[in-house]
Protein chains: 2
Amino acid sequence: MSTENPQAAGLAALAGLIADRTRAACLLALLDGRAWTAGELARHAGVAPSTLSEHLGRLVAGGLLAEERQGRHRYVRLADARVAQLVEDLAAQVPAAVVRRPPRSLREASAGAALARGRTCYDHLAGRLGTVLTDALTRRGLLRQDTGFALTDAGVEWFGTAGVPLDPGGRRPLARGCLDWTERRPHLAGAAGAALCRRALEAGWCVRVGSGRAVAVTPSGERVFSDLLGISGRPWLETG
Amino acid sequence: MSTENPQAAGLAALAGLIADRTRAACLLALLDGRAWTAGELARHAGVAPSTLSEHLGRLVAGGLLAEERQGRHRYVRLADARVAQLVEDLAAQVPAAVVRRPPRSLREASAGAALARGRTCYDHLAGRLGTVLTDALTRRGLLRQDTGFALTDAGVEWFGTAGVPLDPGGRRPLARGCLDWTERRPHLAGAAGAALCRRALEAGWCVRVGSGRAVAVTPSGERVFSDLLGISGRPWLETG
DNA sequence: GGGACGCTTCGGCGCCGGCCGAAGCGTCAG
DNA sequence: CTGACGCTTCGGCCGGCGCCGAAGCGTCCC
């Protein structure tokens, strides 16, 4: 037992990919589900392009990132939903006290507030908006969280009538809980969460605001959420 | 954005705790859910006691381990189920190719086979046994995995009649899937999984074999699983 | 009390890994 | 064609971290 444990070595290597400030910042940034260029990430992380290039090499080699070369640009994104979930889970584990720090400027404060109201979490909706939708689904008996985390039969039907196609064939679970790091409660993730988010953005129920992950509900979205889920008012604007 | 991202620093620090061969080996060993002494872990990991002592200090300070001092012994165990899940999730992510290596000896081969048949995964049952039970629950409509991962109402009732007390009040989800790293399929975890495992060991349906995490089904367990879940034969002995 | 034992602290060693700037390569625009 | 641009490779620097053995401390057993 004491000699060369490949399991441990693999685990350490995987964690080692994340165990660096700069790489961690990249992974968190990429949690918006979109593809970033190497230069954008370098500026975001505050290191030289040469430094970041090496980091990307390691992340890609380790299977955490997928890359796509276009002309002189190198686009990278999270390899798949599993990786996104892993990063989310780890990030959710870091003590809230570490993350909560007073904003340094008005701009930063308002950006933070926008993220707290609504944002994408890889491929699904999070923040106050994400939990409001998840709670509404639960209240209507479409989702059950009391004995686990799964859609009910009525829930599957609801997704159909809402015009949100669900692919039951995929290897991904249809529904799973994802711990929201601003709300500290679970919101809907998995194939259903991704489908709902995609539909909401396509149909204009929500729009991306700013350059990042923040998302806001449109007037049409308000109507739809009211009609389909009985959500009255604008609970996603209320501060926790 | 480019200056001092506490979120990233926290994530990197957390991952850094796991990103070491020796500490990873400890965490994996502690996944058996029991408390180990510092010396046992040092021998297991193949490093000097002094080295391991420092590792334990960091893991405890980082909140991954809980410690209990008894006389001249220092017992440590995983801090809670969240940490266990985190380690499991990470371990499940390391490529199977890395882990699968031919056994070096007959003893090692038979130990591996015993683990593949049945073992504890922190506080619930895993391996072939874990997935067999999970599948039986699913087949009987007690657990649904098609739209997520949750007990059904019939499932909650079943746990009651099976003499397995469930505490619905806890903050832990009643049921969640945990990816089995030998079966590569999910098995039942969460409060229900833990309760089932506890009951199975208490009632002698299963017993621990050897010194580690391996678990075997007793004749009485066979009868119970047949009566309560309609499991015929000994599917947990069949090699995948 | 004495000795064995388990754990911890400390100093020192060596290595690995992150960082940068300089230089080079391919791509795109004018 | 030429220059700007994005990315990569390389060399070199530096700090941090994991390792050990020696020494010390507390506990347990005889």
Side-chain angles (χ1 to χ4, degrees), chain A residues 2-5 8-30 34-62 64-77, chain B residues 2-5 8-30 34-62 64-77:
Chain A
S2 65
T3 53
E4 292 182 34
N5 180 343
L11 175 55
L14 175 59
L17 286 177
I18 311 178
D20 172 84
R21 241 193 99 79
T22 302
R23 287 196 295 271
C26 292
L27 292 170
L28 288 171
L30 289 165
R34 298 191 287 185
W36 293 49
T37 68
E40 287 169 341
L41 285 172
R43 280 187 297 278
H44 174 77
V47 297
S50 59
T51 301
L52 202 108
S53 177
E54 293 174 3
H55 285 306
L56 290 187
R58 298 183 57 171
L59 289 171
V60 170
L64 295 189
L65 299 188
E67 71 181 349
E68 210 165 324
R69 310 250 176 174
Q70 272 183 28
R72 54 182 165 182
H73 293 283
R74 178 194 208 177
Y75 285 94
V76 292
R77 53 183 166 72
Chain B
S2 63
T3 52
E4 291 183 37
N5 180 342
L11 175 56
L14 175 59
L17 286 177
I18 311 176
D20 172 84
R21 239 193 101 81
T22 301
R23 287 195 296 269
C26 291
L27 292 170
L28 288 170
L30 289 165
R34 298 191 285 184
W36 292 49
T37 67
E40 285 168 343
L41 285 173
R43 280 187 296 277
H44 174 76
V47 297
S50 60
T51 300
L52 202 109
S53 177
E54 292 173 4
H55 285 306
L56 289 187
R58 298 183 58 173
L59 289 171
V60 170
L64 294 190
L65 298 189
E67 69 179 354
E68 212 165 324
R69 309 249 177 176
Q70 273 184 25
R72 55 184 166 181
H73 293 283
R74 178 194 206 177
Y75 284 94
V76 292
R77 52 183 166 72

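Sequence lines set the chain letters: A, B, ... in the order given, protein chains first and strands last, and positions in each chain run from 1.
- Checking D:dC17, C:dC7, D:dC20 against the side-chain heavy atoms of B:Arg69 singles out C:dC7 as nearest.
- Remark: A:Ser50 is not in phosphate contact with D:dC7, judged by side-chain N or O atoms under 4.0 Å from OP1 or OP2.
- The CG atom of B:Leu52 sits 12 Å away from the P atom of D:dG18 (whole-angstrom rounding).
- Ranking D:dC20, D:dC7, C:dC7 by closeness to the B:Arg74 side chain, first place goes to C:dC7.
- Between the side chain of A:Arg23 and the main chain of A:Leu17, a donor-acceptor pair closer than 3.5 Å is present.
- In this structure, the CH2 atom of A:Trp36 is 17 Å from the C1' atom of D:dG6, given to the nearest Å.
- In this structure, of D:dA22, C:dG18, D:dT8, it is D:dT8 that holds the atom nearest to the side chain of A:Ser53.
- Side chain of B:Arg72, nearest nucleotide from D:dT27, C:dC7, D:dT8: D:dT27.
- Between D:dT8, C:dC19, C:dC20, one nucleotide has an atom nearer to the side chain of A:His55 than all others, and that is C:dC19.
- Atom CZ in B:Arg23 sits about 9 Å away from atom C1' in D:dC17, given to the nearest Å.
- When distances run from any side-chain atom of B:Pro49 to the nucleotides C:dG6, D:dC20, C:dT8, the shortest one goes to C:dT8.
- Counting distance only, with no hydrogens placed and no angle test, the side-chain atoms of B:Glu54 and the base atoms of C:dC10 include a donor-acceptor pair under 3.5 Å.
- Put simply, B:Arg21 has no side-chain N or O that comes within less than 4.0 Å of OP1 or OP2 on D:dC19.
- When the side-chain nitrogen and oxygen atoms of B:Thr37 are compared with OP1 and OP2 of C:dG6, none of them lie within a distance under 4.0 Å.
- Ranking C:dC20, C:dC7, C:dG18 by closeness to the A:Ala48 side chain, first place goes to C:dC20.
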